[in-house]
Structures are given as C-alpha cells and as structure tokens.
Amino acid sequence: MSARTMTRTLILSAALAGLLLLGGCSRERTDTPDLGLKPGASQGGVLSTDSTGGASAQTTDSKSPAGSVAGQGSPTSGPGAATQGGATSGSGDGGAGGSSGPGSASQSNTAAKLIRIKWWNDTQAVPPKNPVIEFGGKRVTLKAGKSDTLAIGPCPVGEDLTFAIYPDGTAGKRIVATFRVEARMIADSEQDAIHVEVRDDRVRVLGNPIPNFERTFER
C-alpha cells in the first residue's frame, strides 16, 4: 500500500470517529430530562429572576394568607388596612363595653365611702360611760377599755356631713362633729380615718375628713 493511500485511510478513519463521537454526545444531551429551572430560580414560587432583563420579579405564593407579596399592591399594606380576623389597626382604646379606663376610676373615686372611726379613751379620772357614736340615724355602742374601731357610712363624697358622739351614753352630752369625704380619700383606711379622743374634760376629733384636721369640744 502506497503512502498516499495509507494517509487517506487514516484521515477517513479519524473523520468517521469524530462523527461517531458527536452523535453519542448529542444523544446524551437529548436524553437528559429538562427540569424547567433557570439559573437563580427558586422552586418555592415566591421569588424568581427574569432571565431576559435580569431584574428581580416577585410572584404570588399560593400559601400566603394575603395572596400577594408585600410591596406589590398588596391589600394588606398601608395605614388602616384590615388585619387577619377582621380587625383594623388602631389604638383600640375606648371600645364599647370595656370595664377599664378613666371613666371607671372616676366612678370609683366619687362613690360613697365607708369612713373608719378610731376611738381612744385617754381619761385619767373620769372614764366614759357607755359611749356611743351616731350616724345616719344609727347608733353604735363602743367597747369598754382603751380603744375601739368602727366604720360609718356609706358617706357621700363632697358633702358636709355630721356624726354625733355621746361620751357618757345617750343620756349624757351630745357632741356633733362635722366632716367631709373627698374623692381622693381611701375608704375604710387608717390614713383617712377619724380619731375620737375622750379626755377628762374634753373630746378631741381629728383626721383628714375633719375641717382643718382637728376640732376640740368640751365634755
């Protein structure tokens, strides 16, 4: 075989091998399944990249409660928008039927209050006999001894009121003391109680409800 014939045969063999190799690669690419994914794409369907313009685009997520992505004209964006459950944004104060708020506190302060009476026996030679406190037509006989505690009322707020003291029983002298209950006072408390001190020759009445805090009467 001449050298020219051998060279032609080698060239034809190489060309045939190249065609066979190209055909095999083409079949491999054809047999590969197309998943429909593009570079940078998300399988979740929320964010994807536009391959034509390169700009970021947002798509609807079917699992989103709002049905759209925020910033794309979502009906839930913006002030005053309705929230889930039908409620609208806002302060929420002052709703009908509420039990709290300034109104309820004001009503509590202006309601009639019980006022505590602290009785003190400070006598040395002339002890009281069957002492009585009277308010609103009702009388309470105090216990014998150095001290006793009771409450009168309910007493209306902001009115001048009176109660009577009988240091030696209802057959003895009747002392009338004036007092006034203010809204800021605490009902049936030590700090806003009325103290009645009985001494041998006088009766002293003092406390926040008493005008000028203190009054003294002859016994």
Side-chain angles (χ1 to χ4, degrees), residues 79-80 82-219:
T83 60
Q84 297 183 32
T88 57
S89 60
S91 62
D93 294 335
S99 59
S100 62
S104 59
S106 176
Q107 291 176 2
S108 176
N109 289 340
T110 58
K113 305 175 187 290
L114 291 176
I115 296 298
R116 188 174 300 181
I117 301 288
K118 299 289 292 184
W119 168 269
W120 303 98
N121 178 7
D122 292 336
T123 61
Q124 299 294 326
V126 187
K129 299 176 182 178
N130 302 318
V132 172
I133 296 291
E134 180 183 58
F135 176 76
K138 296 181 180 181
R139 294 176 176 176
V140 176
T141 301
L142 302 172
K143 296 178 182 178
K146 293 292 294 182
S147 63
D148 199 359
T149 302
L150 68 149
I152 59 174
C155 304
V157 172
E159 299 181 14
D160 289 333
L161 306 170
T162 61
F163 72 100
I165 306 164
Y166 298 88
D168 297 299
T170 55
K173 186 174 182 178
R174 183 175 188 262
I175 298 172
V176 178
T178 302
F179 70 102
R180 186 181 182 92
V181 179
E182 302 293 346
R184 67 178 181 275
M185 294 180 179
I186 301 175
D188 197 16
S189 66
E190 289 287 334
Q191 72 179 47
D192 292 315
I194 297 175
H195 297 258
V196 178
E197 298 178 356
V198 178
R199 300 185 180 182
D200 291 341
D201 58 348
R202 63 186 184 272
V203 176
R204 185 168 172 249
V205 182
L206 65 157
N208 288 331
I210 303 300
N212 299 321
F213 193 78
E214 182 180 350
R215 291 288 306 278
T216 301
F217 305 89
E218 290 185 1
R219 181 179 170 187

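Below, all heavy atoms of this structure are taken into account, side chains as well, without hydrogens, waters or symmetry copies. Counting from 1, the numbers follow the sequence of the chain as shown.
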With a 4.5 Å limit on heavy-atom distance, are the side chains of [X] and [Y] in contact?
| X | Y | result |
| --- | --- | --- |
| Asn208 | Met185 | yes |
| Val203 | Glu197 | no |
| Pro156 | Leu161 | yes |
| Arg180 | Glu159 | no |
| Ser147 | Trp119 | no |
| Lys113 | Asp192 | no |

Item to check | Worked check of side-chain contact (heavy atoms from CB on, under 4.5 Å) between Ile117 and Thr149 | outcome: CA-CA 6 Å; Ile117 301 288; Thr149 302; over 6 Å; no
Next on the checklist: Per the side chain to side chain donor-acceptor pair (under 3.5 Å) rule, what does the pair list look like for residues 122-131, sequence neighbours excluded?
Outcome noted: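 Qualifying pairs, neighbours excluded: Asn121-Thr123.
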Heavy-atom closest pair, residues [X] and [Y]:
| X | Y | answer |
| --- | --- | --- |
| Cys155 | Ile115 | SG-CG1, 4.0 Å |
| Ile210 | Glu214 | CG2-N, 3.9 Å |
| Pro167 | Pro128 | O-CB, 3.1 Å |

Backbone N or O of [Y] within a donor-acceptor pair of the [X] side chain at under 3.5 Å?
| X | Y | value |
| --- | --- | --- |
| Asp200 | Ala125 | yes |
| Asp148 | Trp120 | no |
| Arg116 | Asp188 | yes |

Next on the checklist: What's the separation between atom OG1 in Thr216 and atom CG in Leu206, rounded to the nearest 0.5 Å?
Outcome noted: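 Rounded to the nearest 0.5 Å, the OG1-CG separation comes out at 8.5 Å.
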Item to check | Test side-chain contact (heavy atoms from CB on, under 4.5 Å) applied to Leu114 and Ile152, step by step | outcome: CA-CA 6 Å; Leu114 291 176; Ile152 59 174; over 6 Å; no
Checklist entry - Mind checking what makes salt bridge (Lys or Arg N to Asp or Glu O under 4.0 Å) contact with Lys118, not counting sequence neighbours? => result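 For Lys118 the salt bridge (Lys or Arg N to Asp or Glu O under 4.0 Å) partners, ignoring immediate neighbours, are Glu190.
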Next on the checklist: I'd like to check the salt bridge (Lys or Arg N to Asp or Glu O under 4.0 Å) partners of Asp168; sequence neighbours left out, ordered by chain and number.
Outcome noted: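 Checked Asp168 against salt bridge (Lys or Arg N to Asp or Glu O under 4.0 Å); matches are Arg219.
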Next on the checklist: Considering only residues two or more places apart or on different chains, which pairs with a residue in residues 196-217 satisfy ring-ring contact (aromatic ring centres under 6.0 Å, His included)?
Outcome noted: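 Checked against ring-ring contact (aromatic ring centres under 6.0 Å, His included) - neighbours excluded - no pair reaches residues 196-217.
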Next on the checklist: Can you list everything that forms a side chain to side chain contact (heavy atoms under 4.5 Å, CB included) with Arg139? Sequence neighbours excluded, please.
Outcome noted: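 Arg139: side chain to side chain contact (heavy atoms under 4.5 Å, CB included) contacts with Val132, Glu134, Tyr166, Thr170.
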Item to check | Over 12 non-hydrogen atoms of neighbours within 6.0 angstrom of CD in Glu218 | outcome: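 Result for CD/Glu218: open.
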Next on the checklist: Are there over 12 heavy-atom neighbours, none belonging to Arg215, within less than 6.0 Å of that residue's CZ?
Outcome noted: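 Atom CZ in Arg215 is not crowded, with 12 or fewer foreign heavy atoms closer than 6.0 Å.
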Checklist entry - Who passes ring pair (Phe, Tyr, Trp, His ring centres under 6.0 Å) against Phe163, sequence neighbours left out? => result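 Scan of Phe163 (ring pair (Phe, Tyr, Trp, His ring centres under 6.0 Å), adjacent residues dropped) gives Phe179.
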